[in-house]
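Take a look at the structure set out below.
Side chains are part of it too, since the values below use all heavy atoms of this structure and drop only hydrogens, waters and symmetry mates.
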Amino acid sequence: YMGDWIAAVAAVDVYTAEKALGLIDVEYEQLPAVFDPEEAMKPGAPVIHDRWKDNIAGHMEHPFSRGDMEKAFSESAFVAEFSGRNSRQKQAHMEPDVALAQWGEDGRLTIWSPCQNPHLAKKAMAQRVFDMGEGDIKWITTTVGGGFGARMSFGLEPLCAMLAKVTGKPVKTMVTREEDFCGWNSRTEQRQTITIGVDKDGAITAVQQKILADAGAYLSHSGSISAVNMQSALGLFRSPNIYGEATVVYTNNPTASGMRGYGNPEGQYVLQQAIDLAAEKVGMDPVEFRLKNAKGEGEPSMWEPVPLDSCNLDKCIKLGAERIGWKEKWQGWGKKKEGRLRKGVGMSIMTHASGAGGFLLEHSNAI
């Protein structure tokens, strides 16, 4: 992909390093490429990695799927479906990716990095990059000059540590803004279809979600982001029948990762519009439809084994509707629409995790 690492230079200063880079000549062989995840899965598409001939990096089902979806939809009074896709989005933090590494005489590695998850990064550095003990790495997270998900994946740290090992000196690495945009991660593009079944009284009978995610050239957080998307989208409303599946595909695009919400905004953007379509088919006020179907205290949370110990979502919806003048501004589904311009009011709700419980073991310790 554009921005993939080819060669690295360490020098006494940045000017010498740039001159040295200019002395490196690379001969490239142009190969066929694929930049669309749907095209990447088709027979005969260019293969990104030899181990994955179909370019599918992974496929998963929602762990809390249940019920007979075909039967549920056939017996529903109304069925609404909405498809949508979110674009890639760069975190655009003020500080570009940067790292500092130093090897001690005792063979231990010290890394200074604005990393968002140093415990997992240290574990991966020890086991997957250098084959050394975790105790032989000291990872210091400095003041983070903006993260928003961009610092959840490895950036320059492995390269920085390798250069420091080769030179026997401390090494600092930093990318330019251009390199940060073309070579580092962004929000993951996810193409989704959400289908909702409803009975004649407006109660949701079935929710189905299908996701196609573009991992880019390598697999970073695209899979876990898709899992969080399903957890959040399928865990918000009460439904006896639920099904979700996600397919993550390699392309020749830059590697995608997490950004602000980690899959949740991407899912809600599609879900909430499907909910509005369902409310319209039933003929219910969108606020009342959400109040009728949103989970409450004592019911399963979006991580279903854990119940909701407290929940004031209904109060939030009612207060929000009151403050924005919902009853005065919302004019119903039957209003005749003329012309190109629209002026209206909308209501959306969502749930979000506090921490990463259920997916990751969260802990602090000292030795």
Side-chain angles (χ1 to χ4, degrees), residues 1 3-24 26 90-186 217-221 254-255 257-259 356 360-367:
Y1 73 100
D4 214 345
W5 293 358
I6 304 298
V9 167
V12 293
D13 55 52
V14 65
Y15 308 106
T16 307
E18 287 178 347
K19 288 181 180 179
L21 285 172
L23 297 174
I24 298 175
V26 182
K90 187 60 189 157
Q91 295 87 355
H93 36 72
M94 293 183 69
E95 176 191 41
D97 202 46
V98 63
L100 178 64
Q102 180 180 23
W103 292 83
E105 293 182 358
D106 57 358
R108 299 184 75 232
L109 170 63
T110 302
I111 295 175
W112 292 264
S113 161
C115 179
Q116 287 183 251
N117 52 359
H119 293 289
L120 291 175
K122 181 172 129 172
K123 187 182 186 75
M125 184 73 81
Q127 296 180 356
R128 299 172 62 186
V129 180
F130 287 110
D131 191 21
M132 58 193 294
E134 287 184 54
D136 291 326
I137 298 179
K138 184 178 182 180
W139 196 293
I140 301 172
T141 294
T142 58
T143 301
V144 179
F148 320 119
R151 315 275 193 200
M152 299 188 72
S153 308
F154 270 149
L156 289 165
E157 298 93 350
L159 172 65
C160 191
M162 290 174 185
L163 289 173
K165 192 173 185 68
V166 170
T167 61
K169 297 179 180 181
V171 170
K172 178 182 179 180
T173 51
M174 185 170 70
V175 299
T176 64
R177 182 63 64 187
E178 181 182 5
E179 290 166 340
D180 187 55
F181 267 79
C182 72
W184 260 251
N185 57 60
S186 64
Y218 300 99
L219 185 62
S220 180
H221 286 256
T255 302
S257 186
M259 180 183 173
L360 298 176
L361 174 63
E362 296 183 305
H363 62 270
S364 296
N365 55 41
I367 297 175

*Output every pair passing salt bridge (charged side-chain N to carboxylate O under 4.0 Å, His left out) with a member in residues 148-166, not counting sequence neighbours, ordered by first then second residue.*
E95-R151, D97-R151
*Would you mind reporting whether M125 and P158 have side-chain heavy atoms less than 4.5 Å apart?*
yes
*Identify the heavy atoms of L163 and A10 that sit nearest to each other, and give their distance.*
CD2-CB, 4.2 Å
_Could you check whether any side-chain heavy atom of F181 comes within less than 4.5 Å of a side-chain heavy atom of V175, counting everything from C-beta outward?_
no
*Which value, rounded to the nearest 0.5 Å, describes the distance between H221 atom NE2 and L219 atom CG?*
9.5 Å
*Check for a donor-acceptor pair, side chain of Q116 on one end and backbone N or O of G149 on the other, with a separation under 3.5 Å.*
yes
_In the structure I gave you, are the side-chain heavy atoms of M162 and V129 within less than 4.5 Å of one another anywhere?_
yes
*Sorted by first residue and then second, give each ring pair (Phe, Tyr, Trp, His ring centres under 6.0 Å) pair with at least one member in residues 128-169; sequence neighbours left out.*
W103-F130
*Report yes or no: does Q91 contribute a side-chain atom to a donor-acceptor pair with the main-chain N or O of G258 at less than 3.5 Å?*
yes
_A101 versus L109, closest heavy-atom pair with distance_ = CB-CD1, 4.2 Å
*Scan side-chain atoms only and decide if S220 and T255 contain a donor-acceptor pair under the 3.5 Å cut-off.*
no
*Between D180 and H93, is a side chain to side chain contact (heavy atoms under 4.5 Å, CB included) present by the stated rule, with each step listed?*
CA-CA 10 Å; D180 187 55; H93 36 72; 3.7 Å; yes
*Grab the two heavy atoms, one from C182 and one from Y1, that are nearest each other, plus how far apart they are.*
O-CE1, 3.9 Å
*State, to 0.1 Å, how close W184 and G155 come at their nearest heavy-atom pair, and which atoms those are.*
NE1-CA, 3.2 Å
*Drop me the distance from K172's NZ to Q102's CD, to the nearest 0.5 angstrom.*
14.5 Å
*Determine whether more than 12 heavy atoms belonging to other residues, nucleotides or ligands lie under 6.0 Å from atom NZ of K90.*
yes
*Judged by atom type as modelled, is there a donor-acceptor pair below 3.5 Å linking the side chain of R128 to the main-chain atoms of K123?*
no
*With the side chain counted from C-beta on, respond yes when M174 and P96 share a heavy-atom pair under 4.5 Å apart, and no when they do not.*
yes
*Provide the closest heavy-atom pair for T141 versus C115 in the form atom of the first, atom of the second, distance.*
CG2-O, 3.3 Å
*asked:* For a side chain to side chain contact (heavy atoms under 4.5 Å, CB included) check, start with the C-alpha distance between L100 and T142, then their side-chain angles and the critical distance, and finish with the verdict.
replied: CA-CA 10 Å; L100 178 64; T142 58; over 6 Å; no
*Okay, side chain of K122, backbone of N117: is any donor-acceptor separation there less than 3.5 Å?*
no
*Answer yes or no: is there a side-chain heavy-atom contact under 4.5 Å between I6 and I24?*
no
_Residue list, side chain to side chain contact (heavy atoms under 4.5 Å, CB included) with D13, at least two apart or on another chain_ = Y15, T16
